[in-house]
Amino acid sequence: MASDWQVVIIGGGAAGLMCAIEAGKRGRRVVLLEHNAEIGRKILISGGGRCNFTNLRTKPENFLSRNPHFTKSALARYTPADFIALVERHGIPYHEKTLGQLFCDRSARDITGMLEAECAAAGVRVLTGCKVDRVGADLSLETSAGVFRPESLVIACGGLTVPKIGATPFGYQVARQFGLRIVECRPALVPLTFGREDRDRFDGLAGVSTEAVASADGAGFREKLLFTHRGLSGPAVLQASSYWHPGGTLEIDLLPGVDFTGELREARSLGSRLETRTIAARHLPKRLADRWCEVHGFSKTAAAMSDREIEAVDQSLRHWRVSPAGTEGFEKAEVTAGGVDTAELSSQTMEARKRPGLYLIGEVIDVTGQLGGFNFQWAWASGFAAGQTV
């Protein structure tokens, strides 16, 4: 019967599945409710279908939250090594790409299959296609699969990211129902859009990519930058987007580690007849170098440039200040920034301080990881923490 379950988990994503496994291993009677037809929809589309399931370099500094200390307990108790051990126990081949990012060799379905097998071994009942209609003050639930009256209710239904695979504000609605504060939600790890002037300036550069440092609100990231039809993307910009707020600026260094001033001065001393764009194209894609010099009026040869002109070229490329018009929204974002205020929760158990028996884990909380597997590690760690207590 529906009332026989001690723990009900709403949400069959990474955090909910990990919580279910851990609670089931403790002998708790656990049922997991997922409104989609299959579990782990976001796992399946992540990492180009290969799931960047953790990051070897995970530390609290890789997460954005109003309380930068909130993640410490959970991350210390369930580490990347713990998840890797689980992956290896299931014989799933994986590889490290760059910067500690681990991906499946074959398919993200290896991860969902592993989690399903672990749920089955722990006695967890998984109900897909199950809609929750109402959550009562006593934590009872009215659902399409019947009425549940658990001792513990876990909200693990994610944020607002990628609504086409079923994202809804349900988790925040339940949190508000129990009087929990919500930090304003916004798209994070998301492409940024140009204002009209920049869109006109850089029209036609879609697909051009270059290494750069993108910085916002004091946080800078050196990775690839990509021009799109509407603005900027690529890992460097996605990373910086989590720290950018509407009305703010993005500062971009298009020549990280390059002494371009020195290079132009040396070319001038040799009497070089090469144009600025030709020298810039040694470090930038030719289309970008040509457009940049055209937009800024840099048309002289190196031999004809003054110190002031050389400095202007260098500064324009290394301190490009962009005022984005906005983002591509939750449809294109990888995660949701903001969420349930961490001050409302125990960092050890993820239990709501105002309502014992109610737990919130994963993306629904105001914890946002950087790009590269950190958000999955937070899902595993927060799910594990709750699973030890529910």
Side-chain angles (χ1 to χ4, degrees), residues 9 11-22 40-43 46-47 51-84 86-87 99-103 108 111 115 154-162 167 171-172 175 183 185-190 219 238-239 241-243 333-351 359-390:
I9 299 170
L17 289 162
M18 179 59 75
C19 181
I21 291 162
E22 292 303 318
R41 292 285 297 276
K42 200 167 181 184
I43 295 173
S46 69
C51 187
N52 179 192
F53 56 80
T54 192
N55 193 299
L56 296 171
R57 304 181 184 183
T58 301
K59 53 189 184 296
E61 292 74 26
N62 296 118
F63 298 86
L64 185 64
S65 172
R66 280 196 177 178
N67 177 2
H69 304 291
F70 183 81
T71 62
K72 289 180 177 178
S73 175
L75 291 175
R77 286 154 59 209
Y78 194 85
T79 68
D82 292 315
F83 194 77
I84 291 166
L86 180 62
V87 167
L99 305 173
Q101 302 169 25
L102 299 188
F103 288 78
I111 299 297
L115 296 169
V154 183
I155 304 300
C157 42
L160 302 173
T161 314
V162 201
Y172 308 119
V183 176
C185 295
R186 57 190 176 84
L189 299 181
V190 63
L238 295 181
Q239 294 276 39
S241 74
S242 295
Y243 298 81
E334 296 204 13
V335 288
T336 302
V340 177
D341 194 331
T342 56
E344 301 281 11
L345 308 174
S346 161
S347 63
Q348 281 75 41
T349 66
M350 306 294 140
E351 187 173 23
Y359 299 76
L360 299 101
I361 58 177
E363 192 179 349
V364 75
I365 301 173
D366 175 34
V367 172
T368 306
Q370 294 172 355
L371 189 71
F374 299 108
N375 286 291
F376 274 123
Q377 187 57 39
W378 171 246
W380 313 133
S382 61
F384 178 88
Q388 301 305 300
T389 309
V390 291

| Neighbour count above 12 (heavy atom, 6.0 Å) for Arg77 CZ | yes

| message | Has Asn375 got a side-chain atom pairing as donor or acceptor with Gln377's backbone, closer than 3.5 angstrom? | response | no

| task | Please tell me if the side chains of Phe63 and Leu75 come closer than 4.5 Å, counting only heavy atoms from C-beta onward. | result | yes

| Going through the distances and angles, do Ile361 and Met18 end up as a side chain to side chain contact (heavy atoms under 4.5 Å, CB included)? | CA-CA 10 Å; Ile361 58 177; Met18 179 59 75; over 6 Å; no

| task | Mind listing the closest non-hydrogen atom pair of Gly339 and Cys185 along with its distance? | result | N-SG, 3.8 Å

| request: Provide the closest heavy-atom pair for Phe376 versus Ser46 in the form atom of the first, atom of the second, distance. | output: CE1-OG, 3.4 Å

| said: Looking at every non-hydrogen atom in both residues, tell me the closest pair between Ala175 and Val340 and how far apart they are. | reply: CB-CG2, 3.7 Å

| request: Measure from the side-chain N and O atoms of Thr336 to the backbone N and O of Leu160, and report whether any donor-acceptor pair falls under 3.5 Å. | output: yes

| field | Non-hydrogen atoms of Ser241 and Arg186 that approach each other most closely | value | O-NH1, 3.9 Å

| Distance (rounded to the nearest 0.5 Å) between Thr79 OG1 and Ile84 CD1 | 7.5 Å

| remark: On a heavy-atom basis, the closest approach of Glu363 and Gly158 is CB-CA, 4.1 Å

| query | Do Thr58 side-chain atoms and Phe374 backbone N/O form a donor-acceptor pair below 3.5 Å? | reply | no

| request: Taking the side chain as every heavy atom from C-beta outward, state whether Leu56 and Leu102 have any atom pair closer than 4.5 Å. | output: yes

| task | Measure the spacing between NZ of Lys59 and OG1 of Thr71 and express it to the nearest 0.5 Å. | result | 11.5 Å

| field | Close side-chain approach of Val87 and Ile111, heavy atoms under 4.5 Å | value | yes

| remark: Closest non-hydrogen contact found for Leu17 with Gly12 is CD1-O, 3.5 Å

| field | Spacing of CD1 belonging to Ile21 relative to CD1 belonging to Ile9, to within rounding of 0.5 Å | value | 9.0 Å

| Between the main-chain N or O of Ala15 and the side-chain N or O of Trp380, is there a donor-acceptor pair closer than 3.5 Å? | no

| Atom pair CD1/CD1 of Ile155 and Ile365 - distance to nearest 0.5 Å | 11.0 Å

| task | Report yes if some heavy atom in the side chain of Lys42 is under 4.5 Å from a heavy atom in the side chain of Thr161; otherwise report no. | result | yes

| task | Please answer whether the main-chain N or O of Leu371 pairs with a side-chain N or O of Gln239 as donor and acceptor at a distance below 3.5 Å. | result | yes

| request: Please answer whether the main-chain N or O of Gln101 pairs with a side-chain N or O of Asn52 as donor and acceptor at a distance below 3.5 Å. | output: no

| message | Between Glu351 and Ser346, is there a side-chain donor-acceptor contact under 3.5 Å, judged purely by atom types and distance? | response | no

| Side chain proximity check, Leu115 to Ile43, heavy atoms < 4.5 angstrom | yes

| field | Distance (rounded to the nearest 0.5 Å) between Leu99 CG and Arg57 CZ | value | 5.0 Å

| request: Working to the nearest 0.5 Å, report the span between CG of Leu345 and CZ of Phe70. | output: 5.0 Å

